[in-house]
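Worksheet: one structure, shown below.
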Amino acid sequence: MKKTLFILLMAAWQLASAQTALNTSKTTLVLDTQNGRELGISYYGARLVDADLGQIRFSGLRPEGAYPAFGLKGTTECAIAVTQADGSMTLDLKVTGVERTSWDGGETITVTSADPIYPVIVKNVYKSFYDQDMIETWAEITNTAKASKKNPQTIVLRRYDSGCLPIHVGDVWMCSLYGSWANEGGLTTEPLTRGFKVIKNIDGTRNSHTSHGEVMFSLDGKPQENSGRVIGAALEWGSNYELRVQTNDSDYHHFLAGVSPENAEYYLEAGETFKTPALAYTFSDEGLSGASRNFHHWGRKYRLAHGDVERKILLNSWEGVYFDINEPGMDQMMGDIASMGGELFVMDDGWFGEKYPRLTDNCALGDWKVDKNKLPNGLGWLVKTADKHGIKFGIWIEPEMTNNPSELYDAHPDWVLRAPKRDNVYGRGGTQLVLDLSNPAVQDYIFSIVDGLKKEIPDLDYIKWDSNMNVSAYGSQYLKRQSHLLIEYWRGFEKVCNRIRAAYPDLTIQACASGGGRANWGVLPWFDEFWVSDNTDALQRVYMQWGTSYFFPAIAMASHISATPNHTVHRTTSIKYRIDVAMSGRLGMEIQPKNMTDNEKEVCRKAIAEYKRIRPIVQFGDIYRLVSPYDDKGYASMMHVAADKSAAVFYWWKIKNFQDEHFSLAKFAGLDPDKMYKITELDRVDVRPLFFEGRSFSGKFLMENGLSIPMTNNMRYPEMNSDWSSRVLLLEAE
Ligand code: DGJ
């Protein structure tokens, strides 16, 4: 009798706690999907064996809201808040069904919840990327009411996050990125304490300036690069966002992320569905670098345009000549980059404008016709000249913008963002304006810019797509609902990009937004890379590229060798140091080569040849960050390791320079302990070889001990000596 009762009780308990698990190769997410209850998450972490999965609810972990709705709850932060058609500000979401499907790379679980009283259905979707250990989640919110003439039944979405993840309290730390123009990708590492932590961006177009829509949580105290449990999260959205962590009187931190609802209420009409952007999670028990590798694997395979194609080594004209574009100058730069082994030349700003020639940054955006005074033979001549030098040609445009004055603005003053009854609000140059991408006519026009260039010069290989102004004037001359402006702007941007990619799938496109303002997984599906920063100072780039690499792979990080003193911070570093930092990303140059010495050109020629050798390791390899510049150890160090561990590149950059300093050994990581690796120094400019040049060490020795790197370079060309020494080593398994 007792046994029967026990079985009955157990059956009731099972029923009352229906679980749905989603696995990836090394992780498990457990959802609580009991019909009639709020959707919950009871576990996200390392992969559970089936025996533990059945026991999870007995471990004391309880389901916490996975998409809490506002209005009938306590003080826990909500993922969704609506105003119903009758004015009620409440929403009650109860699970009504679960569906599991599979796709090529994993599975998708869709949990449907409905309000028992009001006409709202929410589908929370969880999509696994099995091999990459990533899970995306998003919400599809539907107004199921039937509208009548008298009653349109419109619901207002006041908040519409992509997802909510409970993280059990403990010694949990958070890493996030901050920084604006010329200081992108700065890293903040902080413990999660009581209260709210909010990360948000309100720029409108450059959503990785001021802050980033990605975070990492270390679950085991102060984050370590190569050990400890880490959860990473990235919002795939190119416009304003809000990421929040609430730490209240419960056992959980509540992490929520989504489109910023600030000044952006969404009017959901009867029958309409609003789909939020995806929020991508990952989990790794191999520290921050492990979580980064997951983001990089997933990003290269599923998100970044052409993530499996090697990038060309290029020269961009911006820091070399700025607006001073002319035919002899372009010919000379193309010849110089070709002679150093480069593969592409990109002509930056200043090449266009007929009625209003673009001599500086205060006119002509939108008038994408060659300035015949500068380039009398037109774009065709440039492509032919590049061809003569055996390289490809690329061009700069800023298609979402215009100036007053410009021929475009003269013809279409109604195409710019401007609030009704208000004056223009100007940006860069005192004349810049943002076009209204919510307007289909503007979308057609922007597509026609790229289409026109490709038709005129079909061999155009590369576009640098810039965006240098925020949405200052909050108003559309096209939209009826002004609060939809940012969402419709982004939808317009997506439509234009989809059209461009459908028409020109092979074009390489760089996302630039006043430097690194568009490093975001919502943007990158149409772009091959992003410009990390207008600050090309190698020392500051060590920090910026360090932080950026948390979420983005080297193949996407445009990293250029520029002149010294640096144009932004005026620091002088050696050509070797500049090369060694640029080599850890997508290598390029941003310099006037005719001002370089012959020795500098020779060093670059050699380094470019060497980069071609390591390019597959840098661009497709696995990152292992070793010594953080933020730990103030005097140097920073990291590695890229080939997926099969047959080769690796090790970088070591000094970040401090005092006499009589003694640094620790940098222990290697990610190698095969049983393989012997032969060491070759790349970009070698020293008079004497390193002790270990040409020698072989086991992966075990290198990972347990490391190598002792000399504090200074001893330059073959004394005029190149500077205080910032660095080393790049190639490791090849024997
Ligand atoms: C801003 C970009 O960040 C720069 O690299 C350069 O392209 C300028 N715009 C050109 O105006």
Side-chain angles (χ1 to χ4, degrees), residues 179-185 203-210 314-325 329-330 333 344-353 356-368 370-371 374 393-403 406 426-435 449 453 462-470 508-520 523 527-537 540-541 544-545 548 556-563 566-569 582 585-592:
S180 289
W181 180 80
N183 182 31
E184 289 88 341
D203 186 284
T205 68
R206 298 167 300 190
N207 84 346
S208 53
H209 271 173
T210 66
L314 63 84
L315 170 66
N316 177 294
S317 67
W318 181 240
E319 284 196 29
V321 295
Y322 293 102
F323 293 96
D324 191 10
I325 302 270
M330 297 298 97
M333 290 182 107
L344 168 70
F345 173 73
V346 181
M347 180 173 69
D348 210 285
D349 199 351
W351 60 269
F352 53 94
Y356 305 103
R358 177 95 167 163
L359 304 177
T360 182
D361 64 2
N362 63 6
C363 69
L365 293 175
D367 303 346
W368 303 108
V370 124
D371 176 352
K374 293 179 176 177
F393 178 73
I395 206 164
W396 177 95
I397 50 175
E398 193 176 350
E400 297 154 78
M401 306 285 163
T402 189
N403 294 99
S406 69
Y426 292 110
R428 188 182 186 197
T431 61
Q432 187 157 336
L433 295 161
V434 183
L435 293 174
I449 299 168
L453 285 170
Y462 177 107
I463 282 179
K464 175 173 175 179
W465 178 305
D466 208 343
S467 169
N468 289 304
M469 191 179 167
N470 65 314
T508 303
I509 314 182
Q510 179 187 76
C512 174
S514 311
R518 273 188 173 161
N520 177 279
V523 177
F527 293 83
D528 299 72
E529 60 178 32
F530 55 87
W531 182 220
V532 174
S533 176
D534 273 346
N535 185 344
T536 52
D537 168 53
Q540 199 165 346
R541 275 286 185 126
M544 290 191 282
Q545 294 179 185
T548 308
M557 290 166 53
S559 187
H560 295 177
I561 302 160
S562 64
N566 178 266
H567 292 193
T568 306
V569 301
R586 196 281 282 132
L587 177 69
M589 299 186 82
E590 182 112 1
I591 195 166
Q592 171 51 283

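We count ligands from 1, going down the list as the structure has it; atoms in each ligand are counted the same way.
- The ring of F323 has its center closer than 6.0 angstrom to the ring center of W318.
- At a threshold of 4.0 Å, the pair D371-R358 does not count as salt-bridged, since none of the basic side-chain nitrogens sits closer than that to a carboxylate oxygen.
- Cation-pi geometry between R541 and W531 is met: the NZ or CZ atom falls under 6.0 Å from the ring centre, inside 45° of the normal.
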| field | Pair Y462-Q510, side chain to side chain donor-acceptor pair (under 3.5 Å): steps then yes or no | value | CA-CA 8 Å; Y462 177 107; Q510 179 187 76; 3.2 Å; yes
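- Within 4.0 Å of ligand 1, contacts by protein heavy atoms are made from W318, D348, D349, W396, R428, K464, D466, N468, C512, S514, G515, W531, D534.
- Of the charged side-chain nitrogens involved, none lies within less than 4.0 Å of a carboxylate oxygen, so that R518 and E529 do not count as a salt-bridged pair.
- Interatomic distance, Y322 OH to T360 OG1, rounded to the nearest 0.5 Å: 12.0 Å.
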